[in-house]
Amino acid sequence: QAQLVESGGGKVQPGGSLTLSCGLAGVTAKYYAVGWFRQAPGKDREGVSCTSYIDNNTFYADSVKGRFTISRDDAKKTVSLQMNNLKPEDTAVYYCAASRRYYTGGYYYIFPGEHDFWGQGTQVTVSS
């Protein structure tokens, strides 16, 4: 069974920064994209950002554009999410996921339903 491991969550004040990391060394199946998702209490899981290994496209939710940056280290098999200027509404459990589905363009990878392997999640709390 594939294992993705998230790390880097924590509590930060509004305006602060955090970097989340997703370790993919435990995923032995081929995957074509990795995404970051989040779920706040009482809300549906939503896409935050994704990166495609097919054409290297990246996508961001409108709510995080200009503040979050996704990056990959293919040698280390990690995908990171740099989060700057954090807001209280960014508070959620953050998950990384990998997709076995082949899509050109990469847009569909922003949707949670297009991913097959999931990590356990890491809590991010933005509060003063």
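Nothing fancy with the numbering, it's 1 onward along the sequence.
- Within a 6.0 Å sphere centred on CD of Gln123, heavy atoms belonging to other residues, nucleotides or ligands number more than 12.
- Minimum interatomic distance between Ala29 and Phe117 (heavy atoms only, all atoms of both residues): CB-CZ, 3.8 Å.
- There is no side-chain donor-acceptor pair under 3.5 Å between Tyr31 and Arg100.
- A distance of 10.5 Å separates OH of Tyr94 from OG1 of Thr122, quoted to the nearest 0.5 Å.
- Residues Asp44 and Gln39 fail the side-chain proximity criterion, which asks for heavy atoms closer than 4.5 Å.
- Of the possible donor and acceptor atoms, none in the side chain of Ser21 sits under 3.5 Å from a partner among the backbone N and O of Ser7.
- Side chains of Ser99 and Glu114: a donor-acceptor N/O pair is absent below 3.5 angstrom, by distance only.
- Asp55 places no side-chain N or O within 3.5 Å of a backbone atom of Thr104 that could act as its donor or acceptor partner.
- Rounded to the nearest 0.5 Å, atoms SG (Cys96) and CH2 (Trp118) are 9.0 Å apart.
- Aromatic rings of Trp36 and Phe68 (six-membered ring for Trp) have centroids beyond the 6.0 Å cut-off, not under it.
- Taken to the nearest 0.5 Å, the OH atom of Tyr109 stands 11.0 Å off from the CZ atom of Phe37.
- Connection of Tyr32 to Val27 is not established within any shared hydrophobic cluster, with ILVMFWY side chains joined at heavy-atom distances below 4.5 Å, either directly or through further cluster members.
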Next on the checklist: Please evaluate residues Thr19 and Gln82 with respect to the criterion side chain to side chain donor-acceptor pair (under 3.5 Å), reporting the C-alpha separation (whole Å), side-chain torsions for both, the decisive distance (0.1 Å), and the verdict.
Outcome noted: CA-CA 4 Å; Thr19 300; Gln82 173 68 41; 2.4 Å; yes
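- No donor-acceptor distance shorter than 3.5 angstrom exists from the side chain of Ser49 to the backbone of Tyr60, with no hydrogens or angles considered.
- Side-chain N or O atoms of His115 include none that pairs as donor or acceptor with a backbone N or O of Val34 at under 3.5 Å.
- Nearest heavy atoms, Ser128 versus Pro14: N-CD, 3.7 Å.
- For Asn84 and Ser17, the side-chain atoms include at least one donor-acceptor pair closer than 3.5 Å.
- Using modelled atom types, one side-chain atom of Asn57 and one backbone atom of Gly105 make a donor-acceptor pair closer than 3.5 Å.
- Although no hydrogens or angles enter the test, the distance criterion places no donor-acceptor pair under 3.5 Å between the side chain of Asp74 and the main chain of Lys77.
- From Thr28, atom OG1 reaches atom CD of Gln3 across 10.0 Å, with rounding to the nearest 0.5 Å.
- Screening Val5, Asp73, Val79, Thr78 for a side-chain contact (heavy atoms from CB on, under 4.5 Å) involving Leu24 leaves a single residue, Val79.
- A donor-acceptor pair is defined here as one N or O able to donate and one able to accept, closer than 3.5 Å; such a pair exists between the side chain of Arg67 and the backbone of Asn85.
- Under a cutoff of 6.0 Å and an axis angle of 45°, Arg72 and Tyr53 form a cation-pi pair.
- Closest heavy-atom contact between Arg38 and Ser63: NH2-OG, 3.4 Å.
- The heavy-atom pair separating Tyr95 from Glu6 by the smallest distance is CA-OE2, 3.3 Å.
- Residue-environment remark: OH (Tyr103) exceeds the threshold of 12 foreign heavy atoms within 6.0 Å.
- Gly106 and Cys50 get closest at one heavy-atom pair: O-SG, 3.9 Å.
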Checklist entry - Hey, mind stepping through Glu89 and Thr91 against side chain to side chain contact (heavy atoms under 4.5 Å, CB included) and telling me if it holds? => result CA-CA 5 Å; Glu89 51 264 42; Thr91 295; over 6 Å; no
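- Look at Asp90 and Lys87 and you find no salt bridge, because none of the NZ, NE, NH1 or NH2 atoms lies under 4.0 Å from a carboxylate O.
- Counting heavy atoms from C-beta outward, Leu20 and Val124 have side chains that approach closer than 4.5 Å.
- For Gly47 against Ala61, the heavy-atom pair with the smallest separation is O-CB, 3.4 Å.
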